[in-house]
There are 2 protein chains.
Amino acid sequence: MTDPLDTTPDRRPGGRTARVRAQVLDAVRAELAEHGHEGLTMEGVATRAGVHRATVYRRWRDVGGLLVDVIAAAGEIDWQPPDTGSLRGDLTALNQEIQESLVLRPSFAVALMAASFHSEPAARAQTQLWTDRYAQCEILVERAVQRGELPATRTDARSLLIAATAPLYHQLVLLRTDPDPRLPERAAETAVLAASAGAFSVRGQEACE
Amino acid sequence: MTDPLDTTPDRRPGGRTARVRAQVLDAVRAELAEHGHEGLTMEGVATRAGVHRATVYRRWRDVGGLLVDVIAAAGEIDWQPPDTGSLRGDLTALNQEIQESLVLRPSFAVALMAASFHSEPAARAQTQLWTDRYAQCEILVERAVQRGELPATRTDARSLLIAATAPLYHQLVLLRTDPDPRLPERAAETAVLAASAGAFSVRGQEACE
DNA sequence: ATCTTAACGCGACAGCTGTCGCCCTAGGTC
DNA sequence: GACCTAGGGCGACAGCTGTCGCGTTAAGAT
């Protein structure tokens, strides 16, 4: 006999439940691809998924909840940072990847950012995903140091990566500048020049995790 | 200001019309300051302004329209870029100003960005405001060149400014990192180092080393 | 096979959003 | 002052959004 106040009774993750989840998440991605983040509505997702509205509301609460689940699914694919043989090449390739994802219309990435302004859980999920990706990319910097491309002084990898990638997000998302095919390379090159000049050298012992 | 393209015979920009506009825009700013962009609703603005809902809908259409008008009003105040005597100081001061505006809770600037994802007109207005601000800041670079802080080769001022400021927006708005009081200075310094290394030279980078 | 109950379907409905038509107020002009 | 009418007030209302209660289905346990 289970206590009715028990917050964790038996769950049923399999069978129909899993099928409904898959249908709904597919519907979310399809709606995003078709109408962008603007056209992403609970009603539309439910209809496309062939599921009742109330079901979507109960399990995902709101649009932000749907995005959280989609982001979680996106975080599960094993993404690998580029490895071209030089820091400049790696950062350029990374930036090209970013630019591609931001220029796509409608952009899944931009939809996530937009949604993050409206849903705290979605914002946390997205922040987590980005944090992971930047952490993964730190190996680019380590490899560059090993190759002797950067001074032997400890380099703040995260700051370097942000310096290299931030202009892309700024220009394409916030400033809405027309995409410039040279931008990924230029931003990467700028970051490398700054790094070579010691811009990201860590003086003290911070950055130790 | 009167629109010269407006062909409608009699407009009545004065008196009550102007008073209503002022009341509504004040209400928008107050609501933004109190509830953030999330709590900005047509109903709330109308009530606070002491104006009927239908009036707000008729004149501003939607929340984006309200923001457009507020942005336009913000663009009218005469903002001046900092002048500290050095490029690094100027960029640091600029970044501190930006950081301050982004860290404020609720942040007016962040509210505008959020709204821009939902309203094309608001996005255009904001882009315009930013474009103007960046153009105004180009004088920082010109002064630095005149002082001999930067090589005499032509420098892409806009790219330099974006490189200096983008990390702030990226960290505080998109990545939602906790604000770091050193960030404005570091980002500024990084940009200056890159610039000194010729990162923003228009001709090409290999000549200056 | 049988039982328990989590999870979904369904329809009703309250609250909110945006629109419309009508009337009234007051700005601009003579 | 008198007149014309742009613009605002007002209330009604259609459409949409999110919630709730209840009945049904089927997942997991025995």
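Per chain, numbering begins at 1; letters A, B, ... match sequence-line order. What you see is a predicted model, and the numbers here were worked out from it, not measured in a lab.
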Open item on the list: Rounded at 0.5 Å granularity, tell me how far CZ in B/R182 sits from OG1 in B/T92.
Closed with: 13.5 Å

Open item on the list: Between C1' on D/dT25 and CZ on A/R19, what's the gap in Å once rounded to a whole number?
Closed with: 11 Å

Task: Listed partners of B/Y169 passing ring-ring contact (aromatic ring centres under 6.0 Å, His included), at least two apart - done: A/H170, B/W130

Can you check nucleotides 17-21 of chain C for protein contacts, nitrogen or oxygen pairs under 3.5 Å, and list what you find?
unit_1: C/dG18; atom_1: OP2; unit_2: B/Y57; atom_2: OH; d: 2.6
unit_1: C/dG18; atom_1: N7; unit_2: B/R53; atom_2: NH1; d: 2.7
unit_1: C/dG18; atom_1: O6; unit_2: B/R53; atom_2: NH2; d: 3.1
unit_1: C/dG21; atom_1: O6; unit_2: B/R58; atom_2: NH1; d: 3.4

- [ ] Please determine if a side-chain N or O atom of A/T17 lies less than 4.0 Å away from the OP1 or OP2 oxygen of C/dA7.
- [x] no

Could you go through residues 40-47 of chain B and list every donor-acceptor pair under 3.5 Å that involves a side-chain atom there, pairing it with any protein atom two or more places apart or in another chain?
unit_1: B/T41; atom_1: OG1; unit_2: B/E43; atom_2: N; d: 3.4
unit_1: B/T47; atom_1: OG1; unit_2: B/E43; atom_2: O; d: 2.9

Task: salt bridge (charged side-chain N to carboxylate O under 4.0 Å, His left out) between B/E31 and B/R48, intermediate numbers included - done: CA-CA 8 Å; B/E31 288 284 307; B/R48 184 187 280 261; 2.7 Å; yes

TODO: Run the salt-bridge test on B/E185 and B/R88 with the 4.0 Å N-O cut-off and return the result as yes or no.
DONE: yes

Open item on the list: I'd like to check the side chain to side chain contact (heavy atoms under 4.5 Å, CB included) partners of A/A74; sequence neighbours left out, ordered by chain and number.
Closed with: none

Open item on the list: Please report the distance, rounded to the nearest Å, between CD in A/Q23 and P in C/dA7.
Closed with: 16 Å

Task: For B/H35, all residues meeting side chain to side chain donor-acceptor pair (under 3.5 Å), sequence neighbours excluded - done: none

Task: Exceeds 12 heavy-atom contacts within 6.0 angstrom, atom CD of B/E100 - done: no

Open item on the list: Let me check the geometry of the helix from C/dA1-D/dT30 to C/dC30-D/dG1. What is the bend angle between the axes at its two ends, five pairs each, to 10°?
Closed with: 40°

- [ ] Take the protein atom CZ of A/R16 and the nucleotide atom C1' of D/dT25, then report the distance between them rounded to whole Å.
- [x] 5 Å

